[in-house]
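Numbering of residues begins at 1 and proceeds along the displayed sequence. Atoms within each ligand, like the ligands themselves, are counted from 1 in listed order. Note that the coordinates shown come from a computational prediction; the quantities given were computed from them, not determined experimentally.
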Amino acid sequence: MLKTDGALLASRATRVLLAAERVLVTTGAGMSRESGIPTFRDALTGLWARYDPEELATEAGFRRHPARVFGWYAWRRRLVRAAVPHAGYHALVALERLVPSLAIVTQNVDGLHRRAGSRRVLELHGSLERFSCVDARHPFPGDAIPLPEADTECEPPHCPQCGSRVRPDVVWFHETLPERVTTEAWDLAASCQAMLVVGTSGLVHPAAQLPFIARDAGAMVIEVNPDPTEVSTAAHIVCRGPAGTILPALVAALREGEGEGARA
Ligand code: BV8
């Protein structure tokens, strides 16, 4: 049977994954697209179309227009609540059982990896489901924050301890990433044998450095993305297609490989 480029690449990727003890998966907004969650740039649509990320995803923007920013995050939180993890997420859960050690480092704040059942997930940019106050980052219970029905601006509550406004516990632009998670993610990137890079444009730093750290440490880098990205140059194998199709195909091939006792 003539092997298509896609099949050839998938089998090369399968062999790499079969040979790897430690696999690291890094994901971006493209991973959530097939579950109906807009990518970051796509989320600047409708009511939010006329604002740039600096306006909606920075502390300065929040202090200038708290109700506008809080409304945008409430709208995204409602979208995420209604979303269902697609087959690509379940493939990563299965992959966790097929390789000795697997971890997921995500830029996504939607929590879908954990919702699908992935156990080792590092959220580099925080979560839409966690909240804290803007002045002192005192934690604030998410279930005390109602989800507005419409895409509307909504006033954030105030912190019972210091009175400052409550914000989503995400990493905004010009903010440093959570130390513990970042240290663990960088260590994993520098010590994995294979990295799957799924659905990221590689434009946002420092997360964009991870594929290059892995490559420079001798790991095989496999990109899964329908379009070329900043990461493509770091990739040894490029699988051009959607995560919801490529990842299940990779896991099916891996199971086949496992069946034939191909693991190193
Ligand atoms: C910081 C949380 C230190 C909030 C987010 C070095 C060079 C240049 C700039 C910088 C640099 N270092 C720092 C910067 C500044 C800045 C930055 O990177 N700017 C960029 C835009 C140029 N970085 C920061 O500010 C970081 N902090 O550096 O702190 C510091 C501290 C004090 C003072 C100075 C410095 C913080 C960055 C984190 C920001 N927070 N999210 C929220 O979500 O609201 S970023 C947010 O956008 C996401 O988390 C994600 O990281 C990013 C979106 O990127 P992607 O996930 O890649 O998504 P994108 O839409 O771009 O692409 C989607 C891809 O999927 C595409 O390739 C597409 O082809 C593909 N796709 C589509 N469909 C599918 C698919 N793939 C597979 N399957 C499909 N079906």
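Counting the atoms of ligand 1 from 1 in the order shown, those under 4.0 Å from a heavy atom of Glu34 are 78 (N), 79 (C), 80 (N). Close contacts between ligand 1 and Gly199 involve ligand atoms 63 (C), 64 (C), 65 (O), 76 (N), 77 (C) [criterion: under 4.0 Å to a heavy atom]. Residue-ligand proximity, Ser201 to ligand 1, at heavy-atom distances under 4.0 Å covers atoms 57 (O), 59 (P), 61 (O), 62 (O), 64 (C), 67 (O). Less than 4.0 angstrom separates some heavy atom of Tyr73 from each of these atoms of ligand 1: 4 (C), 42 (C), 44 (O). The Gly28 neighbourhood of ligand 1 comprises atoms 56 (O), with distances under 4.0 Å to a heavy atom of that residue. Less than 4.0 angstrom separates some heavy atom of Ala29 from each of these atoms of ligand 1: 55 (P), 56 (O), 58 (O).
Of the polar atoms of Pro242, none of the N or O atoms is found under 3.5 Å from an N or O of ligand 1, judged by distance alone. Close N/O approach between Phe173 and ligand 1 is not found [any backbone or side-chain N/O within under 3.5 Å]. Among the atoms of His174, some N or O lies under 3.5 angstrom from an N or O of ligand 1. Considering backbone and side-chain N/O atoms, Pro206 never comes within less than 3.5 Å of an N/O atom of ligand 1. Residue-to-ligand polar distances keep Trp72 apart from ligand 1: every N/O pair is separated by 3.5 Å or more.
Checked by atom type, the side-chain pair Glu223/Thr229 shows a donor-acceptor distance below 3.5 Å. Residues Thr106 and Arg114 have side chains that never bring a donor and an acceptor to within less than 3.5 angstrom of each other.
The existence of a salt bridge linking Asp110 and Arg77 is excluded, since no basic side-chain nitrogen approaches an acidic carboxylate oxygen closer than 4.0 Å. Salt bridge status for Glu184 with Arg120: present, with a side-chain N to carboxylate O gap under 4.0 Å. Using a 4.0 Å cut-off between charged nitrogen and carboxylate oxygen, Arg68 and Glu155 do not count as a salt-bridge pair. A salt bridge does not link Asp135 to Arg167: none of the charged side-chain nitrogens sits closer than 4.0 Å to a carboxylate oxygen.
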- Task: Check the pair Ser232, Arg240 against side chain to side chain donor-acceptor pair (under 3.5 Å), reporting the backbone distance first and the verdict last.
- Result: CA-CA 10 Å; Ser232 305; Arg240 286 272 166 261; 3.2 Å; yes
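In terms of heavy atoms, Thr245 sits closest to Pro248 at O-CD, 3.3 Å. Residues Ala217 and Ala190 share a closest heavy-atom pair of CB-O, 3.4 Å.
Around atom CZ of Arg119, no more than 12 heavy atoms belonging to other residues, nucleotides or ligands sit under 6.0 Å away.
In this structure, His86 has its ring center under 6.0 Å from that of Tyr89.
Looking at Arg33 against ligand 1, only its side chain comes within 4.0 Å, counting heavy atoms. The proximity of Thr229 to ligand 1, defined as any non-hydrogen pair under 4.0 Å, is limited to the side chain.
Not close to ligand 1: Met31, with no non-hydrogen atom less than 4.0 angstrom away. Under a 4.0 Å heavy-atom criterion, Pro226 is in contact with ligand 1.
Relative to atom 70 (C) of ligand 1, the option among Asn225, Asp227, Leu203 with the closest non-hydrogen atom is Asn225. With Glu223, Glu175, His205 as candidates, the residue nearest to atom 12 (N) of ligand 1 on a non-hydrogen basis is His205.
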